[in-house]
Engineer: 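Have a look at this one before I ask anything.
Sequence lines set the chain letters: A, B, ... in the order given, protein chains first and strands last, and positions in each chain run from 1.
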Amino acid sequence: MIKLKNLERFYPLTKEKFFYVLRDINLEIQEGDFVSIMGPSGAGKSTLLHILGMHDHGWTGEYFFEETAVHNLKPKERATLRNEQIGFVFQQYHLLDDLTVYENLDIPLSYRHYSKSERTALVADMLDRFQIVGKKDLYPRQLSGGQQQLVGVARAIIAEPNLLLADEPTGNLHSSQGEEIMGLFRKLNDEGMTIIQVTHSEKNASYGKRIIQLRDGWIVN
Amino acid sequence: MNDFRFALRQLVKSPGFTAVAILTLALGIGACTAVLSLVNALLIRPLPYRAPQELVLLWQKFSAQGLDQIPVSAPEYLDYEKQTTSFEHIAAFDYTDLNLTGGDLPERIQSAVVAPSLFPLLGVAPIQGRFFTNDEFGEGRDNVVILSARLWQRRFNSDPNLIGKQIALNGSNFTVIGIMPAKFQFPLPLFGIQGGTFAGPVDIWKPIAFTKNELESRGSRSYGVIGRLKKGISSAQAQVEIDTIHANWLKQFPDNYNADVRFGGTLYPLHEQVVGGMQTALLILLAAVGVVLLIACANLTTMLLARAGACEREFAIRVALGATRTQILRQILCESVLLAVIGGAAGSLLAVWGLDLLRAIGVQTVPRIAEANLDVRVLVVMLAVSIGTGILFGIIPALASGNPEVTEALKEGGRTSTAGVPRNRVRNALVIAEVAMALVLLVSAGLLMKSFARLQNVDPGFNSRNVLTTEIALPVAKYPRGKPVADLFAEATRRINALPGVETAAFTSILPLSGTNSDSSFAIEGRNPMAEKVYPDEEIRVITPEYFQVLKTSLLRGRAFTDADTADSPKVVIINEAMAKKWFPNTDPIGKRITFSDPRKPDVEWVTIVGVVATMRHRGLEEEGKPEYYLPHTQRSNRAMVLAVRSKQDPRSLTSAIRDEIRRMDPDLPAANVRTLEQVTSDSIAPRRLSVVLIGVFAAVALVLAAVGIYGVMSFLVVQRTHEIGVRMALGAQRSDVLRLVMGHALRLVLIGAAIGLAIALVSSRALQAMLYNVGAFDISTFVLVTLALGSVALLASYIPAVRATRADPMIALGHNG
């Protein structure tokens, strides 16, 4: 599904000196995989995740998503590909404060130009699937952290992406809430969704099928 | 004091914020100060005479003929002088022109003849010399003059020994007996003896010398009358006395005052006469600058709200350290008041500059504008306005920040968005208010501009392009009435016609739209005024034959005057279309006859109508032309005439050639007040232009401030929503989605503001009705265009922050740290 060849990400410090965040990354991820990226703070985990999520464009090397050479795409084409294929879950949930649960779920669909009836059906289905129908009119501040992250996951997958990217999805949750989210991830993976998560937790990583260790921008395993 | 010191330090710390805030305030307070100075000078500040509230003007009226505010005759004035007891003093006055010779160049000087009682009445002493005495009141004793300080300095180099010396005026010698102070002015410009005259400031005063003819004719009215009411006597009481005198005249002089013409007289407060016409315009201007100031306040409030949001953590620390809510409020208000006072000082500087400009634009045409300055009263009011402004725009941010959420704000990286919702509501409300207020002002400006444009495009009944005009007054000593006068103007016409570049030249006693006027009554052959109770009295002009040719006024019927219309030939008159319609409806007026003498007498001299010309607008471009009739100068000589020259080129290039030619004919004859006819026309609408320019400028300032306000609020919201926008982009929002999100927000605010503004404008524009010409107060196209223009500017102002929002990097927005 994903192939990275000699991918590097760096920031210029002076005219001649560069600070490398990622170095010579070569990586293949198959469809249906569940990959955990681990490593100490500053190792480049989130940067790699955002490159995979096509938010970060300042890298060099080659990035193939299925058959598409992402490195040859213009930003707008990358955005279209991302909207079609990728969903995101964030550590801070990043729900929109002024929107209800229902509206937060509706947002990604509206950006993908789904019709009103399709959106209604998909949101209703997702609320039902995640058993949050009763909370659809609540605002994020009225939910617990676990509930907020549940909505975050629902929002990430509502547009039926093939790849789910998660940046420390349980970082702000109690352990029981974390387990609930990780169980959900495994279930989604069992249903065929490819998942890549960044995590510091060995326990969370154990829910996945494969671990990639990053140190100082290099893949070390 | 500590609060002020801290506030000053805060302002110095953010020079960008401080500069924008001070500039915004300077614009608002500066505009306010300039207009307040005008209002102060024109409406509030007393006239520069002793106890000016006691001064009244007396004008007569013939209501049945629609004649109002007309001057009085010499016998009438002498009756008032003898018979009134309500006045401490009463004085007659009239404008006159005197040709000052004896220097290198002859010069026509704007002068006035006045009763000796005038100066004691006004209570202004000369800086040198003395006033007139009663012994100098009368023909043959009037060879004394008082000069203005302006003339004394300019023409006589402030000669300290001028008093007692003689100067040559109109070919005779006059002794200078006094010099008036530099600021003294009388009559004031709006003392139009026959309505609306804009004469220049008077430089020479001489005693009135009523002629024998004047003393015998109650109907020859040319003098203004001013009176000072005795202490304790009201204007109404004096009015009763005047009415009694008039009632006696009706019995005493039945030939002069027919009851049917509804003769009477009215006393007017002097101040109202001088500036009354400007009152509505000034009050509208005051309202306009008030709106500008409010918009500035709204801008400042949003800026301070943004700052207060940024300083929330600091306020939380202060509260944690023991500060009370009042102390926090005081600190924020100190900053806003300090800003406002600095802005007020900068605004005052702007106002000084603006007033210079206003004086330059309006000095010839707006009464008392030369007196407009920043006096102590204006400065005190503006200081109060500045402090009030500071409190006004500071209070909302102060209240919003006076009670910070300490726990939230002090958390490391804690998001302090709890106060955001109400603050955003305030910001949104302020933008809505700004848009609404700006729209009201823009609609007003739009209506006035459209009205002004329509006024400028009015066909006045003559063509003012390429016409030069100059006034020539022949002194009576050298040119007694009759043939010598007619001969000089005929010869001058011949000579000027021969000058290269001249197409045609002609003389008239009164130029259209020049502000001066003259009317005369007449009788129509075959009509019996006593039986019909109709007493024709219309505006009269004396002209040379080519006058209509010079002005390109159409001759509709009959013929123009020719050189064959001489003093000895049958008397002829040309009337305008308005007069033909009024007095000769449904009939051909050509060949009809009128007379200026009593038609019942056997030796009546009839004057035959030989032509009908198009009607010219005279009292103003906005006023339909009145009935007028024209007499040939050979049959009704007039010593003061205006030369009008149609040129084949820029008419101003003819000035020196014309002056030289006049001087060659008579070295003592000045060609005065040289203006193009376009300038005359333009001057006639100058007060209206001043209002339009000012309202236009204020509306533009309001528009800029509103745009800055919208830009500021949207920029702030974009910064505030960076996280949200980042999340949306991470969730798939495209640039266009973000653009729509931000601009949609702005559009909603603009639409609500526009709807409120339009509703207010529908009410407020009624106040403009009196100032509009040929444009309705609810002119749809103006309302629509102005709304679209404001909407476009507002959207443009929100476009920049919106574009900035589209550049938000989701990775930064989402705060990832590698």
Side-chain angles (χ1 to χ4, degrees), chain A residues 9 11 19 21-22 39-51 53-58 75-76 79-80 82-99 104-113 141 152 155-156 158-159 161 165 167-168 198 214 216-217, chain B residues 309 405 407-408 411-428 714 716-745 748-749 803 805-818:
Chain A
R9 177 73 168 107
Y11 299 97
F19 172 71
V21 183
L22 292 173
S41 290
K45 306 184 293 294
S46 293
T47 303
L48 179 58
L49 197 74
H50 281 286
I51 289 170
M54 299 174 207
H55 284 148
D56 189 340
H57 306 298
K76 203 169 178 178
T80 306
R82 180 181 64 222
N83 281 356
E84 285 168 1
Q85 302 286 347
I86 304 172
F88 274 93
V89 177
F90 307 100
Q91 179 181 355
Q92 309 276 4
Y93 331 133
H94 291 320
L95 299 181
L96 298 180
D97 294 343
D98 297 333
L99 304 185
N104 265 288
L105 293 183
D106 185 61
I107 279 275
L109 302 177
S110 70
Y111 291 143
R112 286 162 176 80
H113 309 296
R141 59 182 173 274
R155 185 181 63 179
I158 194 167
L165 301 177
D167 192 356
E168 298 271 13
V198 164
L214 276 178
D216 301 329
Chain B
E405 287 286 340
T407 324
E408 275 299 311
K411 271 185 193 167
E412 190 60 41
R415 281 171 56 194
T416 55
S417 59
T418 43
V421 175
R423 270 188 203 159
N424 284 346
R425 277 199 206 118
V426 172
R427 273 187 206 101
N428 290 344
M714 296 320 294
F716 180 80
L717 288 180
V718 162
V719 171
Q720 200 190 36
R721 292 174 78 175
T722 303
H723 168 257
E724 176 199 332
I725 291 164
V727 173
R728 285 176 182 271
M729 291 182 87
L731 294 175
Q734 304 280 340
R735 272 173 60 92
S736 58
D737 295 313
V738 176
L739 215 55
R740 211 175 302 127
L741 177 79
V742 178
M743 293 190 69
H745 183 107
R748 269 198 304 282
L749 300 183
V803 167
T806 64
R807 299 200 184 117
D809 186 336
M811 286 204 311
I812 294 169
L814 302 178
H816 102 90
N817 55 6

Engineer: Would you name the heavy atoms of Ala730(B) and Phe88(A) that are closest together and state the gap between them?
Structural biologist: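 Closest pair (atom of Ala730(B), atom of Phe88(A), distance): O-CD1, 3.9 Å.
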
Engineer: Measure across Leu731(B) and Ile107(A) and return the closest heavy-atom pair with its distance rounded to 0.1 Å.
Structural biologist: CD1-CG2, 3.9 Å

Engineer: For Arg728(B), is it the side chain, the backbone, both or neither that has a heavy atom under 4.5 Å from a heavy atom of chain A?
Structural biologist: both

Engineer: Select one option (side chain, backbone, both, neither) describing which atoms of Leu99(A) are under 4.5 Å from chain B's heavy atoms.
Structural biologist: side chain

Engineer: State the CG-CZ distance between Leu96(A) and Arg721(B), to the nearest 0.5 angstrom.
Structural biologist: 9.0 Å

Engineer: Counting heavy-atom pairs closer than 4.5 Å to chain B, which one of Asn83(A), Ile86(A), Leu22(A) comes out on top?
Structural biologist: Asn83(A)

Engineer: Can you tell me how far the CD atom of Gln734(B) sits from the NZ atom of Lys76(A), to the nearest 0.5 Å?
Structural biologist: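 That separation rounds to 6.5 Å.
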
Engineer: Given that the side chain runs from C-beta out, which part of Arg155(A) has a heavy atom under 4.5 Å from chain B: side chain, backbone, both or neither?
Structural biologist: side chain

